Amino acid sequence: MLKMGIKPDNFTYPSVLKACGDEFDLGFGRELHRSIDASGLEWNLFVQNALVAMYAKCGEVELAYDVFEKMPEKDVVSWNSIISGYASKGMWPQAFDLLGKMRNSNTPINLVTWNTIAGGYFQAGNYKDALGLIPQIRKHGIHLDSVAMVIGLGACSRIGIVKLGKEIHGYALRNGCDGNESVKNALITMYSRCKDLRHAYSLFRSTEIKSLVTWNSMIAGYSHSDRYEEASFFFREMISTGIQPNYVTIVSILPLCARVANLHHGKEIHCYIMTHGGFKDYLLLWNSLVDMYSKSGKISEAQKLFNSMNEKDKVTYTSLIDGYGMQGEGQIALKLFEEMNNCGIKPDHITMVAVLSACSHSGLVSEGQILFEKMSSLYGINPRMEHFDCMVDLFGRAGLLKRAADVITMMPFRPSAALWATLIGACRKHGNTDIGEWAAKKLLEMKPEN
DNA sequence: TTAGGGTTAG
């Protein structure tokens, strides 16, 4: 268009900027920004809003704010764009500060504003807070739209509260949103994640035009419920209807492959990825493969794959560390942990579980203890329940039953029945009746949790 | 024309 000498106008720039945001093409976005400044359209509200949104989507909230701040006139889209930028980065103080300023500016808050906050909560894993917004929205007399429902259903499926999910389903039926594809897929996910496979299945079968996401929702749902046969059946049915799987399909089905007795299915999928294009850029996918081989005890396959990867993150390392740990190769696991730290990849609480359990399976008592004690000072990770579980197991396996018992007594969490059982098992193995009986008594005293 | 959403690994 430019080559033909046609000048972009106040309609062209927002559309192209939106595309930049969707593709995270910051380079082209900045180029457009320079071109806008030279075009005389730099004060157009639509153009400015689109610039704010583009920078926010590309993760450049400061640049987004620079544009936003200088805008002489702001509308609800401007505010929503900048709030969304901060919320998606988890910068909550800034997001809420702006929400307050938006209220003071007499710009009316609309459903998109609410959905932005709810979506931010969802991304941060605050599913309860996301759900808590629904009654607030309704209190303002605003009707939920499909986006609000999808977020609400997503939160229900993560927490596993089918009752609230059903209420949203009812709301969708009453408001004619049940035919919306996204709502349908979110409903399938909600029911299947809440282990109500019957409802998930009937919704799926009643969907006439099934998109890739519909199939993925179903496969992920059954996979999540450990139903390999059905998940695999849907996978094959999907391919037979001419729909090609994408990386989400593969990532959904791989964890199940590790759990079935032979690795045939997992290898088949690995082969599929190698022979079909379009998968190489998804780290998530390669991590799932490393994890599958690790969990299946094929540690040399996992290592081979790991070596072939150009990009690795903490999940790649954690999967391999976990694999070596399960094989009783604690020293190798610790070497990998050291390597990841040297590479500047920060471990998180799941990495620590893998490392500590590797120590426990290989009898590396002092190594495990040192790592546990230095977890928060060295890596900034506060010990969680599962780390204490690892320590009880570590001492228990080594026959240091008094120290295992001390961990349970001192830990700032309510010990689970399984943890008492771990200690009792260790006492039995090492012939310690005193601590064993004490633990058994504690286990029997436990009140059932509500 | 510009803002929010569904399937996703350790």
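Here is how names work: the chains are called A, B, and so on, in the same order as the sequence lines, proteins then strands, and each is numbered from 1. Just the heavy atoms: all of them, side chains too, but no hydrogens, waters or symmetry mates, feed the values below. Remember, predicted model here, so these are calculated numbers, not experimental data.
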Take atom CG of A/Asn246 and atom P of B/dA9, then tell me their distance rounded to the nearest Å.
13 Å
Which of the following nucleotides, B/dG6, B/dA3, B/dG10, is nearest to the side chain of A/Val213?
B/dG6
So which of residues 177-193 of chain A are in contact with DNA chain B, with a heavy-atom cut-off of under 4.0 Å?
A/Asn180, A/Glu181, A/Ser182, A/Asn185, A/Thr189, A/Arg193
Using the test salt bridge (charged side-chain N to carboxylate O under 4.0 Å, His left out), find all partners of A/Lys139 that sit at least two apart in sequence or belong to another chain.
none
Spacing between A/Ile83 atom CD1 and B/dG4 atom C1', to the nearest angstrom
11 Å
In this structure, which one of A/Met218, A/Lys184, A/His199 forms a side chain to side chain contact (heavy atoms under 4.5 Å, CB included) with A/Phe204?
A/Met218
Can you figure out which of B/dT8, B/dA3, B/dT2 approaches the side chain of A/Arg158 most closely?
B/dT8
What's A/Lys312 touching, base or sugar-phosphate or nothing? Going by heavy atoms closer than 4.0 Å.
nothing
Taking everything shown except A/Phe96 itself, do over 12 heavy atoms lie less than 6.0 Å from its CZ?
yes
Verify, without hydrogens or angle tests, whether A/Asn246 (side chain) and A/Thr249 (backbone) share a donor-acceptor contact under 3.5 angstrom.
yes
Rounding to an integer number of Å, can you tell me how far A/Tyr324 OH sits from B/dG10 P?
20 Å
Round to the nearest Å and state the distance from A/Ile36 atom CD1 to B/dT1 atom C1'.
12 Å
Which nucleotide wins on minimum distance to the side chain of A/Ser319, given the candidates B/dG4, B/dG10, B/dT7?
B/dG10
Classify A/Asn110 by what it touches in the nucleic acid, base, sugar-phosphate, or nothing, heavy-atom distance under 4.0 Å.
base
For DNA chain B, find the residues of residues 325-361 of chain A with a heavy-atom distance under 4.0 Å and give them by number; none if there aren't any.
A/Asp348, A/Ile350, A/Thr351
Determine whether any donor atom in the side chain of A/Thr318 lies under 3.5 Å from an acceptor atom in the base of B/dG10, or the reverse, and answer yes or no.
yes
Mind checking if A/Ser78 touches a base, just sugar-phosphate, or nothing, with heavy atoms under 4.0 Å?
nothing
Checking B/dT2, B/dG5, B/dT7 against the side chain of A/Ile151 (C-beta onward), the nearest is B/dG5
Any idea which of B/dT1, B/dT7, B/dG10 is nearest the A/Asn216 side chain?
B/dT7
Quick note, A/Asp322 side chain, CB onward, closest among B/dA9, B/dG10, B/dT7 is B/dG10
Please classify the nucleic acid contact of A/Lys295 as base, sugar-phosphate, or nothing, using heavy-atom distances under 4.0 Å.
sugar-phosphate
What is the distance, rounded to the nearest whole Å, between atom OH of A/Tyr127 and atom P of B/dG6?
11 Å
Thinking salt bridges, do A/Lys335 and A/Glu338 make one under a 4.0 Å N-O criterion?
no
Where along residues 5-18 of chain A does a heavy atom fall under 4.0 Å from DNA chain B?
A/Asn10, A/Phe11, A/Pro14, A/Lys18
Cation over ring, A/Lys57 on A/Phe24, under 6.0 Å and within 45°?
no
Please output the side-chain donor-acceptor pairs of residues 274-282 of chain A that fall under 3.5 Å, not counting sequence neighbours, one pair per line with the distance.
from     : atom 1 : to       : atom 2 : distance (Å)
A/Thr275 : OG1    : A/Cys271 : O      : 2.9
A/Thr275 : OG1    : A/Tyr272 : O      : 3.3
A/His276 : ND1    : A/Tyr272 : O      : 3.0

What is the nucleic acid contact for A/Tyr317, judged by heavy atoms within less than 4.0 Å: base, sugar-phosphate only, or nothing?
nothing
With under 30° as parallel and over 60° as perpendicular, where do the rings of A/His143 and A/Tyr171 fit, or are they tilted in between?
tilted
For A/Val251, answer base if it contacts any base atom (sugar-phosphate contacts may also be present), sugar-phosphate if it contacts only those atoms, and nothing otherwise; contact means non-hydrogen atoms under 4.0 Å.
sugar-phosphate
Hey, does the Lys NZ or Arg CZ of A/Lys374 hover above the aromatic six-ring of A/Tyr379, less than 6.0 Å from the centre and inside 45° of the axis?
no
Quick check: does any side chain N or O of A/Thr107 sit under 3.5 Å from a backbone N or O of A/Arg103, one acting as donor and the other as acceptor?
no
Please state whether the base of B/dA3 and the side chain of A/Asn115 form at least one donor-acceptor pair under 3.5 Å?
no
Identify which nucleotide among B/dT2, B/dA3, B/dG6 has an atom closest to any side-chain atom of A/Ser211, counting heavy atoms from C-beta outward.
B/dG6
Parallel, tilted or perpendicular: which one describes the rings of A/Phe234 and A/Tyr201, with boundaries at 30° and 60°?
tilted
Between C1' of B/dT8 and NE2 of A/His224, the distance in whole Å
11 Å
Nearest to the side chain of A/Leu284, heavy atoms from C-beta on, is which of B/dG4, B/dA9, B/dT7?
B/dA9
To the nearest angstrom, how far is A/Met1 atom CE from B/dT1 atom C1'?
13 Å
Heavy-atom donor-acceptor pair, A/Asp145 side-chain to B/dG5 base, under 3.5 Å:
no
In whole angstrom, give the distance that lies between atom CD1 of A/Ile250 and atom P of B/dT8.
14 Å
Set of residues satisfying salt bridge (charged side-chain N to carboxylate O under 4.0 Å, His left out) with respect to A/Asp226, sequence neighbours excluded
A/Arg259
Which part of the nucleic acid, if any, lies within reach of A/Asn287 when heavy atoms closer than 4.0 Å are counted: base, sugar-phosphate only, or nothing?
base
Check for a donor-acceptor pair, side chain of A/Ser362 on one end and backbone N or O of A/Leu364 on the other, with a separation under 3.5 Å.
no
Donor-acceptor pair between A/Ser376 and A/Asn382 side chains, under 3.5 angstrom
no
Can you tell me if the side-chain N/O atoms of A/Gln123 get under 4.0 Å from OP1 or OP2 in B/dG5?
yes
Does any donor-acceptor pair link the side chain of A/Ser217 with the base of B/dG6 at a separation under 3.5 Å?
no
